[in-house]
Amino acid sequence: MTDVFEVRRWDGAGRLGSLDVPRAGVTVETPALMPVVNPHLRTVSPARMEELGAQVLITNGYILYGSEDYREQALEEGLHSLYDFSGAIVTDSGSFQLSVYGDEEVDIDTEEILQFQYDIGSDIGTPVDIPTPPDAARERAEAELATTQERLELASELDLGEMLLNAPIQGSTYTDLRERAGADARATGADVFPVGAVVPLLNDYRYAEAVEVSLAAKRGLGPAAPVHLFGAGHPMMFALAAAAGCDLFDSAAYALYARDDRYLTVRSTEHLADLEYLPCSCPVCTEHGAEGLQALDDIERERRLAEHNLHVSFAEMRRVRQAIRAGDLLELVEARARSHPTVLDGYRALLDHADDLERTDDASKESFFHLSTESAHRPEVLRHHDRLAALPVEGDEVLLSEGGTNDSYDETWRVVPPFGPFPRALSETYPLTAEVPERTDRAAQAAAARGVTALVEANPDVAFTLAHWEWPDEVLATLPEAVTVTALGPDEDVDAETEVE
Ligand code: GUN
Ligand code: ZN
């Protein structure tokens, strides 16, 4: 099958892309949010969703298949008419519902359900995968994955016209299985790759593990494959998941939370009854205000809440896109990570793979803001450290300085935490143009020390002197013995004859 996905811009593993959906005759801009619609979720009309920015919806083929009321209508009119939506429509197979609600007796056949999805006009169809839950026994995860893979292979051999094919990636919480599943799914020639069975992780705020399984799947899939994070609908984690390289998200959350009188924000889930002020200026919130929204009758309140929830979700998705565009997606993730410790955990898990992120990062971004101790572990810092060993050092005696310079050295390099040393000629190149707080933190100093170490070890014949601002002893202790270390007092910086630029 030809590639339907094209990446236009990278920011770490995050990307702006376009997904061609030939059967719908549309190109979907990613990262994209796909609201979940089905005959039982009718709070916001698909036409209204389109106005809010939806280019693609997802619905459950299995629910329609089993519905006396809608099955025939779907077959006769097709999904686009049933939902009155002209964008792309994805159909799920229902395997997740079967696994969650434990209806083991119901046996859905991949060929039959895919044919049904095709017959109702689906643009992207899904085979019957087996969503092995997190923490399952390894033998079970392996056996179920083998069945899923057989079904993907079967599905890929069917003639389904222009309908694209989803190939869900399973493997429970075993990252090696997820990686293998990714490689095997990719080999089937399917088009879109949802990371499956993460809903239990997301519901329990296990974002670090959701990041780990997504990155593992992507190691197997390779960077060119479009990835859908199945069931990810809370806007507080969109930036994180996009930074892990997920391109498609689907949300029933907007409706499920509305049903429980819950109001979504990018940093939390609130009970409407607890809100005195609404932190949102969507039409729903400006029209009603907190009291007005609380006073609506049940049906209207649910409808309006669902619409607000979709508003914030689409707004966050646009913010994520713009962040990728501007090259500051990780700054956005850092902001979101400050809202909830579990998102922070997810961000830390992501940075454990900074080398993976670095591989696809755009090296010519515009700004780097050092905002937290985590910033010291960003891919840009790692890249600079890797590069240090190859930078030419001119002279036998070199000063690495956080402040002033001194003529008795052959050359003076600047030192800026978290990057460490660099020649002055590179001061105006990304990421060394970074904005770094003056009150630096220990993680940044430790990262700078790693940079010094990389430079010193690559140049054993050069005598280096490090002039630092009050780095603590435990950081200085990590430096190679060959470096002469001198603490730099504030006066020496201010009064230095030739100040470092
Ligand atoms: N919806 C949420 N998770 C899953 C999954 O793992 N598989 C399928 N088919 N649908 C899902
Ligand atoms: Zn609102």
Side-chain angles (χ1 to χ4, degrees), residues 34 36 38 44 52 58-63 65 90-101 108 110 113-114 117 122 124-134 136 141 144-145 147-148 151-152 155 165-173 178 181 185 190 192-203 210 213-214 217 227-233 235 246 248-254 256-258 262-266 268-270 272 275 277-290 292-293 296 301 303-316:
M34 312 187 281
V36 173
N38 69 51
V44 180
L52 293 175
I58 181 166
T59 189
N60 200 305
Y62 179 71
I63 292 179
Y65 184 76
V90 179
T91 44
D92 198 355
S93 56
S95 41
F96 194 62
Q97 282 66 24
L98 292 186
S99 75
V100 170
Y101 305 119
I108 30 180
T110 280
I113 194 72
L114 271 173
Q117 293 176 50
S122 171
I124 305 179
T126 310
V128 190
D129 54 313
I130 304 183
T132 312
E144 292 182 349
L145 181 55
T147 307
T148 293
R151 294 178 184 173
L152 299 188
L165 194 61
N166 268 332
I169 313 293
Q170 300 293 345
S172 184
T173 19
R178 291 279 186 174
V192 180
F193 302 89
V195 177
V198 288
V199 170
L201 294 178
L202 303 175
N203 285 348
V213 299
S214 303
V227 173
H228 168 187
L229 195 60
F230 244 146
C246 298
L248 297 163
F249 301 81
D250 64 278
S251 175
Y254 77 94
L256 299 177
Y257 283 116
R262 304 243 272 174
Y263 179 100
L264 298 183
T265 80
V266 291
S268 61
T269 315
E270 308 289 346
L272 178 61
L275 294 178
Y277 307 97
L278 299 181
C280 172
S281 42
C282 82
V284 175
C285 295
T286 45
E287 184 184 330
H288 296 284
L293 208 48
L296 295 174
R301 198 172 65 251
R303 246 174 36 79
R304 301 301 276 167
L305 264 179
E307 195 167 321
H308 155 81
N309 288 344
L310 272 178
H311 256 289
V312 283
S313 302
F314 278 110
E316 179 70 354

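Note that the coordinates shown come from a computational prediction; the quantities given were computed from them, not determined experimentally. Numbering of ligands and ligand atoms starts at 1, following listing order.
Remark: side-chain polar atoms of Thr173 are not paired, donor with acceptor, to backbone N or O of Pro134 under 3.5 angstrom. Under the 3.5 Å distance criterion, the side-chain polar atoms of Asn166 are left unmatched by any main-chain donor or acceptor of Phe193. Distance alone, capped at 3.5 Å, is enough to place a donor-acceptor pair between the Gln117 side chain and the Thr126 backbone. Although no hydrogens or angles enter the test, the distance criterion places no donor-acceptor pair under 3.5 Å between the side chain of Arg304 and the main chain of Val284.
Every side chain to side chain contact (heavy atoms under 4.5 Å, CB included) that Asn309 has, sequence neighbours left out, goes to Tyr254, Tyr257, Ala258, Leu264. With sequence neighbours excluded, the residues that form a side chain to side chain contact (heavy atoms under 4.5 Å, CB included) with Ala181 are Leu145, Ile169.
For Val195 against Arg178, the heavy-atom pair with the smallest separation is CG1-NH1, 3.7 Å. Between Leu296 and Arg301, the shortest heavy-atom contact is O-NH1, 3.0 Å.
Atom CG of Leu152 is separated from atom CD of Gln170 by 9.0 Å, given to the nearest 0.5 angstrom.
Near ligand 1, residues Asp92, Ser93, Ser95, Phe96, Asp129, Pro131, Gln170, Gly196, Ala197, Val199, Phe230 come within 4.0 angstrom through at least one heavy atom.
Around the Zn ion (ligand 2), the protein N, O or S atoms closer than 2.8 Å are Cys280 SG, Cys282 SG, Cys285 SG, His308 ND1, listed by chain and residue number.
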